[in-house]
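Here's the structure we're looking at; comments come further down.
Indexing begins at 1, ligand by ligand and atom by atom, following the structure's order.
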Amino acid sequence: MQVILRQLGDCSIRRAAPSDLISVMEINLKTLPEHYSDYFYESLLKELPEAFLVAEIDGKIVGYEMCKTEFGFSNFKKLGFVKKGHVVSIAVLDEHRKKGIGKALVEESVIGVKSRNCDEFYLEVRCSNTDAVRLYEKLGFVIRLELNAYYRDGESAYLMAIEVD
Ligand code: ACO
Ligand code: ZN
């Protein structure tokens, strides 16, 4: 049985199931230049199902977010290693953007990484991706670093992070 985390009009936000992964990969191919192997999607779903989420309208997947957890240096100058949630990828199909689906996905994933006792949540985003940067800023993420030539095409990324505990 699928547990719906949030309903936004006709759009349900829920945890992904293995049978959703093909649709997730299709959306990734359509919307982003960074792609991953089938195995990588499966392993993220296995490792952090609380923050591998899909948005579904009338039985069709229209958006996803997938995350992982890591131990590493704090993005907020905390001493020692911290446990961090990491947004690996998020996308919503073009025709379903600007309805609040992206915001709902990120908000629900924050709850997911909190449940795994993460101290911080972070992501990288292209500096030119103003839609995404604005969404993250609205949700409380702040730009902590600029990562020079982070992407294969040479573009730089912002590392954006939020404290979640
Ligand atoms: N009516 C009108 N506008 C609305 C409504 C509504 N009902 N609901 C939300 N909005 C507005 C929001 O206020 C926001 O406006 P703003 O940009 O002026 O602040 C805007 O719509 C977007 O917010 P959402 O609807 O919550 O987000 P959306 O579902 O459009 O998804 C996303 C955002 C995921 C970035 C999308 O643009 C996308 O898929 N882009 C391509 C892929 C991509 O770039 N992904 C991020 C890469 S970085 C990474 O993966 C870590
Ligand atoms: Zn990343």
Side-chain angles (χ1 to χ4, degrees), residues 5-14 16 20-21 23-37 39-41 43-45 47-48 51-58 60-76 82-113 116 118-162 164:
L5 301 170
R6 194 191 295 202
Q7 193 73 38
L8 279 172
D10 56 1
C11 178
S12 315
I13 306 293
R14 59 167 175 80
D20 297 318
L21 292 182
S23 307
V24 168
M25 288 185 241
E26 281 171 3
I27 295 174
N28 171 265
L29 285 172
K30 270 190 204 161
T31 56
L32 282 166
E34 289 78 38
H35 310 307
Y36 314 94
S37 68
Y39 172 78
F40 188 61
Y41 290 88
S43 65
L44 292 181
L45 179 56
E47 282 163 31
L48 193 55
F52 197 137
L53 308 178
V54 291
E56 185 177 43
I57 298 177
D58 295 332
K60 185 182 175 221
I61 305 301
V62 300
Y64 72 89
E65 178 180 351
M66 57 188 194
C67 304
K68 59 182 172 170
T69 59
E70 296 164 4
F71 286 95
F73 290 118
S74 169
N75 290 304
F76 294 95
V82 295
K83 188 172 181 186
K84 302 186 282 190
H86 179 170
V87 182
V88 175
S89 183
I90 174 172
V92 174
L93 285 177
D94 203 17
E95 57 271 32
H96 293 286
R97 288 182 196 160
K98 304 209 180 290
K99 297 176 175 181
I101 296 174
K103 176 168 178 274
L105 286 168
V106 178
E107 285 174 347
E108 293 300 330
S109 69
V110 169
I111 296 170
V113 300
R116 290 293 195 100
C118 289
D119 307 298
E120 302 178 4
F121 201 18
Y122 84 100
L123 54 86
E124 302 92 7
V125 56
R126 284 179 188 266
C127 296
S128 64
N129 193 347
T130 48
D131 281 349
V133 170
R134 209 166 40 226
L135 169 67
Y136 304 138
E137 278 178 339
K138 270 195 196 166
L139 294 172
F141 286 78
V142 290
I143 297 174
R144 299 296 297 173
L145 283 175
E146 188 171 330
L147 308 170
N148 224 329
Y150 178 78
Y151 296 98
R152 293 168 77 137
D153 60 12
E155 189 173 346
S156 298
Y158 291 130
L159 187 153
M160 299 184 73
I162 184 173
V164 293

> Does a side-chain N-to-carboxylate-O contact under 4.0 Å join Lys68 and Glu47?
Replying inline: no
> Applying the side-chain contact (heavy atoms from CB on, under 4.5 Å) test to Tyr64, which of Leu21, Val24, Ile90, Asp20 qualifies?
Replying inline: Val24
> Is Arg6 close to Glu108 at the side-chain level, that is, under 4.5 Å between some pair of heavy atoms?
Replying inline: yes
> Rounded to the nearest 0.5 Å, what separation is found between the OH atom of Tyr158 and the CG atom of Asn129?
Replying inline: 11.0 Å
> Quick one: CD1 on Ile27 to CG on Leu32, what's the gap to the nearest 0.5 Å?
Replying inline: 10.5 Å
> Does a side-chain heavy-atom distance below 4.5 Å link Ile13 with Ile101?
Replying inline: yes
> What closest approach, in Å, do Cys11 and Ala55 show between heavy atoms, and which atom pair accounts for it?
Replying inline: SG-CB, 3.7 Å
> Any donor and acceptor pair, going by atom type alone, linking the side chain of Ser156 with main-chain N or O of Ala149 inside 3.5 Å?
Replying inline: yes
> Quick one: does atom 32 (C) of ligand 1 have a protein heavy atom under 4.0 Å from it?
Replying inline: no
>> Taking the side chain as everything from C-beta on, heavy atoms only, tell me whether Ser128 gets closer than 4.5 Å to Glu155.
In response: yes
> So, Tyr41 and Asn28: side-chain donor and acceptor under 3.5 Å apart, yes or no?
Replying inline: yes
> Taking heavy atoms and a distance under 4.0 Å, where does Arg134 meet ligand 1: side chain, backbone, both or neither?
Replying inline: side chain
> Less than 3.5 Å between some nitrogen or oxygen of Leu135 and one of ligand 1, yes or no?
Replying inline: no
>> Quick test: of every protein heavy atom, which one is nearest to atom 37 (O) of ligand 1, and how far off is it to 0.1 Å?
In response: Arg97 CD, 3.3 Å
>> Can you tell me if Glu124 contacts ligand 1 (heavy atom of the residue under 4.0 Å from the ligand)?
In response: yes
> If you measure from the Lys or Arg side-chain nitrogens to the Asp or Glu carboxylate oxygens, is any gap between Arg126 and Glu34 under 4.0 Å?
Replying inline: yes
> In ligand 1, which numbered atoms sit nearer than 4.0 Å to a non-hydrogen atom of Ser89?
Replying inline: 50 (O)
> Can you find an N/O atom of Thr31 closer than 3.5 Å to an N/O atom of ligand 1?
Replying inline: no
> Is the closest N or O pair between Val87 and ligand 1 shorter than 3.5 Å?
Replying inline: no
> Considering only protein heavy atoms, which is closest to atom 45 (N) of ligand 1, and at what distance to one decimal place?
Replying inline: Ile90 O, 2.8 Å
>> Using heavy-atom distances only, which candidate in Glu34, Lys98, Lys138 approaches atom 2 (C) of ligand 1 most closely?
In response: Lys98
>> I want to check something: taking the side chain as every heavy atom from C-beta on, are Val142 and Phe76 in contact at a cut-off of under 4.5 Å?
In response: yes
>> Report the atom name of the nearest N/O/S atom of Glu124 relative to the Zn ion (ligand 2).
In response: OE1
> Can an N or O of Asn129 be found at a distance shorter than 3.5 Å from an N or O of ligand 1?
Replying inline: yes
> How far is atom 39 (O) of ligand 1 from its nearest protein heavy atom, and which residue and atom name does that atom have?
Replying inline: Val92 N, 2.8 Å
> Could a heavy atom of Tyr136 be found less than 4.0 Å from some atom of ligand 1?
Replying inline: yes
> To which of Ala132, Ser128, Gly63, Gly102 does the heavy atom nearest atom 35 (C) of ligand 1 belong?
Replying inline: Ala132
> Applying a 4.0 Å heavy-atom criterion (strictly less than), which segment of Leu32 is in contact with ligand 1: side chain, backbone, both, or neither?
Replying inline: side chain
> Just which atoms of ligand 1 are under 4.0 Å from any heavy atom in Lys103?
Replying inline: 26 (O)
> Does an N or O anywhere in Leu123 fall below 3.5 Å from an N or O of ligand 1?
Replying inline: no
> Any idea which atoms of ligand 1 are less than 4.0 Å away from a heavy-atom of Gly100?
Replying inline: 8 (N), 9 (C), 24 (P), 25 (O), 26 (O)
